[in-house]
Amino acid sequence: MTRRIEQVHARYADVMAGTLANYIPELTRADPRHFGIALVTADGHQYAVGDVDVAFTIQSVSKAFTYGMALDHCGPATVEKHVGVEPSGEAFNSISLEAGTGRPRNPMINAGAIAVTGLVPDLPDEPRFDHILDTFSRYAGRGLDWDREVFASESATGFRNRAIANLLRASEVIPDPVDEVVEDYFRQCAILVDCVDLATMAATLANGGTNPSTGDRVLEPGHVEKVLSVMSTCGMYDYSGTWTYEVGLPAKSGVGGGVIGVLPGQFGVAMFSPLLDVNGNSVRGVAACRDLSRVFDLHLLRAPSMSAHAIRRTYLLSEVASTRGRPAVDEAILAEHGNEVVVIELQGDLFATCLERLVREVDERIARAHTFVVDLRRTGTWDQSTTGLLRGVAADVRTAGARLVVADPGGTVGESTFDGLDVTVAPSLDEALLACEEDLLAASGRPDPAAARFAVDEFSLTRALDPDGRARLQEALTTRSWSPGEDIVVQDDEADALFLLAEGVARVSYADPATGLETRIADLYPGVVFGELSVVGRDRRSATVRARTPVRCHVLERPRLDALREEAPRVYTQVLEHLLLSSSDRLRRANREAASLRA
Ligand code: GLN
């Protein structure tokens with residue numbers, strides 16, 4: 001990024017075309033060589049090249065921000081009564097007033113901007129200009145000052161602006177006393193900024209009205225688009241049409257040499273170079289902005305597809321599973337019916353057209369589906385109409401006799417969205433999948449697996465042995481019990497036994513060594529064998545297994561296993577063979593899941 005910006009900067013650094021604004025005498029003291037470019041992303045990262053810490057007066061760039069203040073303070077309806085939103089196609093200081101009403105054409109030319117400054121309240125405990133300076137400071141994320149000399153210079157020579165203000169007063173677009181409004185407008189124009197300040201102010205607009213560095217919400221989000229609209233149509237005065245055609249960014253320039261551009265949702269950019277063209281726009285600012293737009297493909301109307309990638313993937317419950325370890329009977333039921341549960345994973349910031357993709361996907365599959373899981377874990381912002389559409393999907397799914405489960409850990413859409421629609425909102429994808437599995441299993445009418453009791457010879461491990469092997473194994477086993485909450489196996493402990501879970505439910509969880517945070521890996525039900533990997537590999541335990549209910553296990557202690565190897569190598573081999581087979585089954589399943597995740 002920096003390199004690209006440097007290249008653009010270098011391309012225009014020697015251009016000395018244009019003239020300093022001289023109708024405000026003090027502005028002729030600017031150094032015509034100064035040239036800076038700063039870019040601040042919508043999440044607050046800064047890139048700065050050239051004279052980015054030279055202070056200059058904000059001048060007309062201020063118009064965009066006071067317009068926002070007026071919108072926030074008076075509301076759009078009142079603001080629109082005082083100033084229009086039509087481009088005038090005229091110079092910044094034109095006397096461009098609507099016939100009949102005397103209303104200035106738009107807030108980006110002086111007439112409109114003076115009217116807008118008049119809309120900012122002048123209160124005894126907060127004088128108008130204090131309010132403006134304070135708001136601009138919040139946009140910039142630091143306390144700004146203003147240039148008394150530039151102010152005095154403009155005030156002493158600003159006959160035209162005073163005339164405009166008096167015309168506005170005549171048609172009651174601004175209140176009395178006129179002079180105070182004009183002086184505050186001059187002060188507002190004399191606020192001192194540098195390139196990084198301006199880029200941060202622009203980034204605040206790009207970020208929906210919240211300063212990305214300080215998190216301060218300076219402008220109501222709903223008003224941001226209004227400010228940006230008049231910037232796109234009127235921000236560059238009589239050059240605005242060409243600007244939008246060539247650069248395609250809402251922008252605002254000032255005779256101090258500043259120019260800002262905003263790419264909504266992405267970043268704000270600011271240029272500073274005091275030499276101006278005939279329109280009063282910075283020569284190098286305009287040229288550099290045009291280049292940046294080309295280099296980075298910024299034209300706003302070159303819109304990428306917002307919805308093409310809204311669905312990250314669609315898969316069936318038969319391809320994945322929740323983290324609950326299931327007895328073989330249950331796995332068979334899930335394998336058979338898992339294809340009736342369709343999981344649709346959405347991603348990104350969602351708009352109405354993204355939901356339209358979801359609607360189509362649900363539509364295509366609804367004839368064969370019993371349940372839809374909509375996974376919102378990777379979604380960003382939702383607007384109201386999008387949430388409304390999701391509710392519509394829920395209603396349709398219900399009408400079709402199917403069920404909707406929403407995995408929404410971030411609480412992005414909120415349960416109230418589905419009031420009255422019988423939708424399950426789960427706090428994680430795992431919980432959502434679990435709910436679907438339990439549903440399928442309950443519908444199959446099979447007995448509750450948690451209540452099952454497995455005798456030694458009912459385990460698939462024992463069934464894999466011949467009668468002699470079975471007898472020897474039985475002999476080697478001891479029975480142990482645990483109360484709910486008790487650890488059966490502790491992560492990092494030495495592996496000293498293999499467990500055949502005869503009764504009760506146990507939970508496997510993994511504690512992150514750095515944070516100590518526990519993640520649930522699986523729930524184990526009667527009929528499973530666990531602890532074998534570390535026993536065979538003579539490793540430390542890779543996870544903790546804890547009783548959730550009263551648990552009873554048949555346990556093969558390490559010395560007994562070793563004895564079996566010495567005394568009955570054939571049985572030992574059969575045991576290992578079985579463990580190898582069941583681990584490879586699990587590995588196969590994990591591979592299948594991994595493959596479906598990658599797809
Ligand atoms: N203060 C200046 C004026 O009113 C601002 C004009 C500008 O920056 N285009 O003339």
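Just so you know, residue 1 is the first one in the sequence shown, and it goes up from there. First listed ligand is number 1; within each ligand, the first listed atom is number 1.
Electrostatic pairing of E364 and R360 does not count as a salt bridge here, judged by no charged N lying under 4.0 Å from a carboxylate O. One finds a salt bridge joining R103 and E98 here, because a Lys/Arg side-chain nitrogen approaches an Asp/Glu carboxylate oxygen to under 4.0 Å. Under the 4.0 Å criterion applied to side-chain N and carboxylate O atoms, R162 and D179 are assigned as salt-bridge partners.
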Mind listing the N or O contacts between ligand 1 and protein, cut-off under 3.5 Å?
residue, atom, partner, partner atom, Å
ligand 1, 1 (N), Q59, OE1, 2.6
ligand 1, 1 (N), E154, OE1, 3.0
ligand 1, 1 (N), E154, OE2, 2.8
ligand 1, 4 (O), N110, ND2, 3.0
ligand 1, 4 (O), E154, OE2, 3.3
ligand 1, 4 (O), N161, ND2, 2.9
ligand 1, 4 (O), Y185, OH, 2.8
ligand 1, 8 (O), S60, N, 3.0
ligand 1, 8 (O), S60, OG, 2.6
ligand 1, 8 (O), V255, N, 2.7
ligand 1, 9 (N), S60, OG, 2.8
ligand 1, 9 (N), Y237, OH, 2.9
ligand 1, 10 (O), Y23, OH, 2.4
ligand 1, 10 (O), N110, ND2, 3.3

Which pairs would a plain distance check flag for residues 189-199, meaning a side-chain donor or acceptor within less than 3.5 Å of a matching protein atom at least two apart in sequence or in another chain?
residue, atom, partner, partner atom, Å
D194, OD1, V196, N, 3.0
D194, OD1, D197, N, 2.8
D197, OD1, R142, NE, 2.8
D197, OD2, R142, NE, 3.3
D197, OD2, R142, NH2, 2.7
D197, OD2, D194, N, 2.9

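Under the ring-ring contact (aromatic ring centres under 6.0 Å, His included) criterion, H73 pairs with no residue at all, not counting sequence neighbours. Partners of D238 under the salt bridge (Lys or Arg N to Asp or Glu O under 4.0 Å) rule, at least two apart in sequence or in another chain, do not exist in this structure.
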